[in-house]
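Have a look at the structure below, then the notes.
These values consider heavy atoms only, across backbone and side chains, with no hydrogens, waters or symmetry-generated copies. As the structure is a prediction and not an experimental result, all values here were calculated from the model. Convention: sequence-line order gives letters A, B, ...; per-chain numbering from 1.
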Amino acid sequence: EPEVTQTPSHQVTQMGQEVILRCVPISNHLYFYWYRQILGQKVEFLVSFYNNEISEKSEIFDDQFSVERPDGSNFTLKIRSTKLEDSAMYFCASINPERRTEAFFGQGTRLTVV
Amino acid sequence: GENVEQHPSTLSVQEGDSAVIKCTYSDSASNYFPWYKQELGKGPQLIIDIRSNVGEKKDQRIAVTLNKTAKHFSLHITETQPEDSAVYFCAASMRGGTDSWGKFQFGAGTQVVVTP
């Protein structure tokens with residue numbers, strides 16, 4: 001079974017620092033997503049990405065966030081200057097609507113901002 | 001925008017009994033409703049989904065029902081086993097252009113505990 005992989009599994013960073021969360025989507029997938037889940041809250045959509053550009057983003061995804069697919073395999077989420085409230089589990093997902101319409105999620109990266 | 005409510009937040013069942021989780025959604029344009037299972041340390045995994053042109057779908061011990069008029073959908077697990085213990089999430093999306101296919105509104109999740 002193909003899978004989406006995320007690294008690291010846990011990241012601790014100081015407030016104000018930049019972090020990059022990495023994801024390797026399934027190889028033939030075309031659409032990519034980031035979600036986050038703050039402890040005790042719902043999983044929330046952040047951004048969708050297709051054809052090397054953002055196709056949609058939520059209100060949460062402000063100027064502090066950016067996404068990139070630098071090399072055709074990795075899909076990254078960067079937070080420029082982390083805040084305490086960025087502490088959450090971040091999930092990457094990918095989908096290939098032309099084959100299976102299921103969205104595959106990675107195991108998540110737990111980000112802790114101290 | 002879409003809002004998905006999920007109940008109960010926790011559900012404890014005896015092995016062999018049935019479990020039912022209910023969700024409601026607010027946007028009548030939503031047309032795709034997946035259910036995800038999340039085990040400890042893993043990401044959400046799709047277990048079953050239903051589209052708005054179908055009222056019920058079954059896959060072995062799990063089934064999902066959809067009532068478009070009332071805007072609610074439910075997950076039914078029969079003959080529960082200890083390995084069914086996990087957090088279950090319902091979600092809704094509007095699948096129009098393919099860009100939206102992976103954009104979900106999730107429910108808050110239900111922690112299911114199956115006791116032997």
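- Residue B/Q45 holds its CD atom at 10.0 Å from CD of A/E3, rounded to the nearest 0.5 Å.
- In this structure, B/F106 and A/Q41 have side chains that are not in contact, with every pair of non-hydrogen atoms separated by 4.5 Å or more.
- In the hydrophobic cluster analysis, where Ile, Leu, Val, Met, Phe, Trp and Tyr join through side-chain heavy atoms closer than 4.5 angstrom, A/Y33 is grouped together with A/Y50.
- For CD of A/E59, the number of neighbouring non-hydrogen atoms (other residues, nucleotides, ligands) closer than 6.0 Å is 12 at most.
- There is no contact between B/Q105 and chain A, counting heavy-atom distances below 4.5 Å.
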Next item on the list: Applying side-chain contact (heavy atoms from CB on, under 4.5 Å), run through B/E39 and A/Q107 and close with a yes or a no.
Entry: CA-CA 10 Å; B/E39 296 173 319; A/Q107 82 280 17; over 6 Å; no

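- The number of heavy-atom neighbours closer than 6.0 Å to CG of B/D59, taken from other residues, nucleotides and ligands shown, is above 12.
- The neighbour count for A/Q64 CD, taken as heavy atoms of other residues, nucleotides or ligands under 6.0 Å away, is above 12.
- In this structure, A/F105 has its ring center under 6.0 Å from that of B/Y36.
- Heavy atoms of A/Q37 lying under 4.5 Å from chain B belong exclusively to its side chain.
- Residues B/W35 and B/I50 fall within the same hydrophobic cluster, defined by Ile, Leu, Val, Met, Phe, Trp and Tyr side chains chained together at heavy-atom separations under 4.5 Å.
- For the set B/G41, B/P34, B/G43, B/G1, the entry with the most heavy-atom pairs within less than 4.5 Å of chain A is B/G43.
- Counting heavy atoms from C-beta outward, A/E44 and B/F104 have side chains that stay 4.5 Å or more apart.
- To the nearest 0.5 Å, atom CD of residue A/E102 and atom CD1 of residue B/I47 are 11.0 Å apart.
- The environment of A/Q14 atom CD is sparse: at most 12 non-hydrogen atoms of other residues, nucleotides or ligands sit within 6.0 angstrom.
- At most 12 heavy atoms of other shown residues, nucleotides or ligands fall within 6.0 angstrom of atom NZ in B/K42.
- The NZ atom of B/K103 lies 8.5 Å from the OH atom of A/Y35; values are rounded to the nearest 0.5 Å.
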